[in-house]
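Here is how names work: the chains are called A, B, and so on, in the same order as the sequence lines, proteins then strands, and each is numbered from 1. Note that these values count all heavy atoms, side chains included, but never hydrogens, waters or copies made by symmetry.
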Amino acid sequence: MLEMLQYDFMRNAFAAAAVVAIVAGTVGYFLVLRGQTFAGHALAHVGFTGATGAVLLGIAPIWGMVLATVAAGIGMGFMGERLAQRDVAIGLVLALALGLGLLFLHFFTAFATQATTLLFGNVLAVDMRTVWVLLALGSVSLATLAVISRPLLFASLHPELAEAKGVSLRLYSVLFLAIVALATAECAQIVGVLLVFALMVGPAAAAQRLTSAMAAGVLLSAVLALLEAWSGIALAYYTDWPSSFWITALSAAVYLIATLPRPMGRFASAAPR
Amino acid sequence: MNAVELRDVSLTLGGRTILAGIGLDIAMGEFVGVLGPNGSGKTTLMRAILGLVPPSRGSIHVLGQPATRGNPAIGYMPQARHFASDLRLSGRDFVASVSNGHRLGLPVRGRIARAEMEQALRLVGAQELARRPLAELSGGERQRLLLAQALIGKPQLLLLDEPLISLDPHRQQEVVDLVKTLKADLGIAVLFSAHDVNSLLGAIDKVLYLGSGQAALGTIDEVITGPVLSRLYGSHIDVVRVGGRIFVMSGSCCAETEEHRHEPAPADRQPRHSGHA
Ligand SMILES: Nc1ncnc2c1ncn2[C@@H]1O[C@H](COP(=O)(O)OP(=O)(O)OP(=O)(O)O)[C@@H](O)[C@H]1O
Ligand SMILES: [Mg+2]
């Protein structure tokens, strides 16, 4: 079992996945709570444009991705909740972003491998440097989230009241989408831009099904994301199938199990905590 | 010191004048029912008191201070309650997110904040309800959590915008009685908007009736009269009292009940004794 840990690339993969899963599970919980999952999905696609643009300019793709997603996240936050949740607008931006990314790749020679890695991720190719970058970015997003979490929750759950109490809905919308953007760029390193949903939304949605207590929910979401990511990598090692496939499969399976009707679960969630 | 003072206040939204030249005083400890047809400006008036709609003319004072956004002394239950009905969060977390919600930091709650939340839940009888996820509560049950939320932070003035919507008659009476008790115990002023004055009889000290951009404030006997309401509705209104209930008639139909047709669940207005504990 531990034999796979003797390889550097496996150790890096587990370390990177741990950082990213914890960030994704935590940020994802708030994303699901605010009903902005589609916005998160769109940000990942914008990240693809950024990454391919960076490749074209000879910069590391992760920085292009971070720059593009954060800029897009802040832009979406400023446009306000109404626009940020409008399916058509987001869908169009999403398609345009992928199209642009394709165009950028067209000018680049190592087309196919680069595209596949960006779209579907390749956690086994993560090097030590990237792990440190992920750790730094992850700490920034989690620290920011911790600082704003109370007003963010207030603004998410009681918008009219929060507004009346002087909380700027727009400010928190912008800050939160910037955090989501960072988390998205991180996730894309593990599962690729197309499958960010699996780590950001799957565990969080399952956790909200399993417990209605918030603190427990955030924790459970992060733990589920971590377990799914690590198991995915281990399964990839033994089967030689892509890790992203395993992570998405586990994410879907866990969500499915969480939504099964549970006569006992209903009772448990109503019990005092 | 008055809880609310309006001096010659006009409120304008998107170029439309909603209220024009209103002056009124609401004293501390007064329970005021805010009535008026749909679109008469009940919600707008509350938002102005909260400092969210600056008056285009005149001045608004709340507890002796000019109305400003973020006044911690006001408890507010908005009419637009747009939380997702599929929220899997417990009612307790939902209510708790209000305490100190404007402060930065983690939403951890100290002993005082927890005690205050439990007290608010107990006051509205929602301690058991609050354990369940919001997605599994009925509209009326969620309503009670929203009332609890308005009580957090020791408000001196409560603005309750249509707290009776989607409650059965029994619960309506409970909420009115509850607010009356709160007002008496805590000595706070309450503005309570509703569509039927009968649900507030015996509880409110005064009525604030809005209509045609104007307002009338006074006791029920002073305000709910043919001449005053005819002025506010801009058409001939008769007020009929039968068996301790008040009917506001325009022509041959009932002006107040007519508004109820605009509401989402008119069936809730009918006596309905089944299905509710
Ligand atoms: N943003 C806005 N721009 C322009 N007009 C507005 C705006 N918001 C509300 N209004 C108008 O202001 C008027 C007063 O609205 P308000 O919500 O205060 O009425 P209300 O008395 O609370 O009605 P209801 O009984 O339906 O709750 C309405 O005619 C409404 O159409
Ligand atoms: Mg209203």
Side-chain angles (χ1 to χ4, degrees), chain A residues 26 29-30 32-36 81-82 85 142-169 171-172 175 204-218 220-221 258-259 265-273, chain B residues 43 46-47 49-53 67-84 86-109 113 127-137 145-146 149-150 152-153 159 161:
Chain A
T26 311
Y29 186 89
F30 291 87
V32 172
L33 201 68
R34 285 172 65 86
Q36 286 182 316
E81 226 114 283
R82 276 184 206 100
Q85 282 168 354
L142 283 190
T144 317
L145 184 62
V147 170
I148 68 162
S149 56
R150 188 176 4 208
L152 176 69
L153 269 176
F154 189 31
S156 311
L157 299 176
H158 306 267
E160 297 88 3
L161 187 68
E163 203 189 1
K165 296 278 177 188
V167 173
S168 161
L169 300 185
L171 172 69
Y172 289 103
L175 283 175
Q208 289 188 13
R209 285 275 161 183
L210 293 170
T211 171
S212 62
M214 196 177 61
V218 174
L220 184 61
S221 175
T259 51
R266 187 164 289 261
F267 181 75
S269 73
R273 32 175 185 101
Chain B
T43 300
M46 290 192 184
R47 289 175 57 83
I49 293 171
L50 286 163
L52 293 174
V53 178
T68 47
R69 197 170 155 223
N71 190 335
I74 307 179
Y76 177 45
M77 173 171 172
Q79 177 181 13
R81 287 135 204 166
H82 70 63
F83 45 75
D86 57 353
L87 208 55
R88 307 290 315 171
L89 206 62
S90 76
R92 204 168 241 98
D93 281 321
F94 179 72
V95 172
S97 65
V98 170
S99 59
N100 285 325
H102 58 286
R103 294 223 190 108
L104 290 177
L106 287 171
V108 281
R109 303 182 281 280
Q127 278 175 302
E128 287 302 311
L129 283 185
R131 298 210 169 100
R132 294 164 44 196
L134 285 174
E136 291 175 14
L137 299 181
L145 292 176
L146 283 161
Q149 155 272 114
I152 284 182
L159 304 180
D161 203 354

Discussion item. Between A/Arg34 and A/Ser156, is there a side-chain donor-acceptor contact under 3.5 Å, judged purely by atom types and distance?
Written reply: yes

Practice prompt. Could you look at B/Leu52 and say if it's the side chain, the backbone, both or neither that has a heavy atom under 4.5 Å from chain A?
Written response: side chain

Worksheet entry | By side-chain hydrogen bond (donor to acceptor under 3.5 Å, both in side chains) - contacts of B/Asn100 (at least two apart) | B/Arg103

Worksheet item: How would you list, by chain and number, every residue that makes a side-chain hydrogen bond (donor to acceptor under 3.5 Å, both in side chains) with A/Thr26, sequence neighbours excluded?
Response: none

Worksheet item: When heavy-atom pairs shorter than 4.5 Å are enumerated against chain A, which of B/Val108, B/Leu50, B/Val98 gives the highest number?
Response: B/Val98

Worksheet entry | N-O pairing of B/Asp93 and B/Arg88 below 4.0 Å | no

Fill in: Structural part of B/Thr68 lying under 4.5 Å from a heavy atom of chain A
neither

